[in-house]
Number of protein chains: 2
Amino acid sequence: MLDKAASILDCYRPDGGSFRLTELSARTSLPKTTVFRLCADLVRLGLLEREADTYRLGGKLFELGSLVPRRHDLREAALPFLQDLFEATRETVHLGVREGREVVYVERIHGHDVLPLPSRIGGRLPLTCTGVGKALLAFSDAELTEQVLAGPLASLTPYSITDPVRLRTAIEQAQVSGLAYEEQEAALGVSCIAAPVFDGQVAVAALSVAVPRVRFRPAQLAPAVRTAALGLSRLLRSGR
Amino acid sequence: MLDKAASILDCYRPDGGSFRLTELSARTSLPKTTVFRLCADLVRLGLLEREADTYRLGGKLFELGSLVPRRHDLREAALPFLQDLFEATRETVHLGVREGREVVYVERIHGHDVLPLPSRIGGRLPLTCTGVGKALLAFSDAELTEQVLAGPLASLTPYSITDPVRLRTAIEQAQVSGLAYEEQEAALGVSCIAAPVFDGQVAVAALSVAVPRVRFRPAQLAPAVRTAALGLSRLLRSGR
DNA sequence: AAATATGTTCCGTGACACGGAACAGAGCTG
DNA sequence: CAGCTCTGTTCCGTGTCACGGAACATATTT
């Protein structure tokens, strides 16, 4: 029964939004009656909200989600460094962690001009299509990296790297330089430079700067990204 | 059964943390056996995580919570203005909304020096003890404000206002000036200035700057806070 | 060795979740 | 306007599976 309720909530990943009863019933392949009853319960508990025949995620989920310790702590530690990075570059800054074959974005800060990016806080993207993802891959367990390279490679734009050989080269370059690059592989017109954040030997997160392709100057961004990632890594090491 | 599972999750509000089986059993006043089984289910579903006999909120909650539409949209719209405010003041900046008799903090940004504040993103504090809360009270439905004034007034420090008369005066001042002040009412040594964010006539949120008492200069902060709140209000009005 | 914590397994009972069938509207279509 | 087809909703009999007391396993304290 919990399973059924959870599968309803799962309909909202990874993009949020709002659904009607029938849609939920179809997506979960549960009988309409069952979904109806469960949604009513979930609304009563504050996990869903209802507005005229459509259901959205509820405020209590926001509260609970913000309190998830590992994410909250990482965010809290990282925020000042992301802040520094944003001020140094004035561009959109991301912080993400690995979850399976995907990146989960933990934080994202930006100014008034918003890039047309598919990344959302709490959202997921394929590791292989993003700067953050490549930085994580480059400094993760080698076995996992091989698994990802062996599997089918997702593609978000025509520039997404779907050739495992090219991808391996990119990852090796990142391992050497400590920086991962991404050019229009996640969104057209947007390039990105990323660096891993270490807690000890393994990368526990990565941060990146996303920039409109037309004014992407990697050489100018690299030092700031390095500094931020290094500062955060040092803090994590000292803090535990 | 959902109710029971939800009451387990509710143990983690408003402060997160991690609990042992017995603690959860006590807090929910459910039999240990039942909690055991439910926690196992919740872990399986990713809503809790287990580490050596203690349970914490799970990663899936983070994902879902970040996707809650109303909060997400507000945060997204507000972030650039909070950013401006932070850069103008270099102090800790908050964004909060009203939920019952409490503030729920939606966003908080700060630099490397972290104030000893009880506020957390997703956390709740009494409306009456915080700058954000007073700004919300001053520009909310009058009936609700009266209800809050009539009820018992919470107290977080010796400076928290527990006298309804004094509190009403403070709210009226905020209504006149468009700014709410708070001095060590939420945390010792921290003062705060806040402004409401309007979506039309009613305040849907409020933002604030919290400053160590020793260098609190309201006159210098006020323009930046006003500008940010006004800018965000304008954006919300135009965006809908 | 006894006492008191913890988490965990077992299992019989009965409450209550389940979901098919039927109903109630709203919005089209012929 | 009847007839069809979508919505969401109520009803209710069936049987499943959540419930929680009792017993157990293990660690720590007395």
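To find a chain, count down the sequence lines: A is the first, B the second, and so on, and within it residues start at 1.
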Separation of atom CG in A/Leu38 from atom P in D/dT9, rounded to whole Å: 14 Å
Lys/Arg-Asp/Glu bridge criterion (N-O < 4.0 Å) met for A/Glu63, B/Arg120: no
Spacing between A/Ile8 atom CD1 and C/dG19 atom C1', to the nearest angstrom: 14 Å
Integer-rounded Å distance: D/dG8 C1' and A/Glu23 CD: 13 Å
Whole-Å distance separating the NZ atom of B/Lys4 from the C1' atom of D/dC17: 12 Å
Can you name the atoms? Protein N/O to nucleotides 8-12 of chain C N/O, anything below 3.5 Å, with the distance.
from, atom 1, to, atom 2, distance (Å)
C/dT8, OP1, B/Arg50, NH1, 3.4
C/dT8, OP1, B/Arg50, NH2, 2.8
C/dT8, OP2, B/Arg50, NH1, 3.2
C/dT8, OP2, B/Arg50, NH2, 3.1

Separation of C/dG7 P from B/Phe19 CZ (nearest whole Å): 13 Å
Side chains of B/Arg44 and A/Asp3 in contact at under 4.5 Å (non-hydrogen atoms): yes
Short side-chain N/O contact to D/dG8 OP1/OP2 from A/Arg20, under 4.0 Å: yes
Test item: A/Lys134 side-chain N/O and A/Ala174 main-chain N/O as donor-acceptor pair under 3.5 Å: no
Side chain of A/Pro31 - closest among D/dG21, C/dG20, C/dA17: C/dG20
Side-chain donor/acceptor of A/Glu182 to backbone N/O of A/Glu185, under 3.5 Å: yes
Between P of D/dA18 and CG of B/Leu2, the distance in whole Å: 11 Å
Phosphate contact (D/dC19 OP1 or OP2) by B/Thr34 side-chain N/O below 4.0 Å: no
Sidechain-backbone polar pair: A/Thr54 side chain, A/Arg50 backbone, donor-acceptor under 3.5 Å: no
Check: A/Tyr12 ring centroid to A/Tyr55 ring centroid under 6.0 Å: no
Degree of bending in the helix from C/dA1-D/dT30 to C/dG30-D/dC1 once both end axes are built from five pairs, to 10°: 20°
Selection residues 16-33 of chain B - residue pairs positive for side chain to side chain donor-acceptor pair (under 3.5 Å), sequence neighbours left out: none
Nearest-Å distance for atom pair CZ/P, residues A/Arg37 and C/dG19: 8 Å
Gap separating the CG atom of A/Leu2 from the CG atom of B/Leu47, nearest 0.5 angstrom: 8.0 Å
A/His72 and B/Phe62 aromatic centres sub-6.0 Å: no
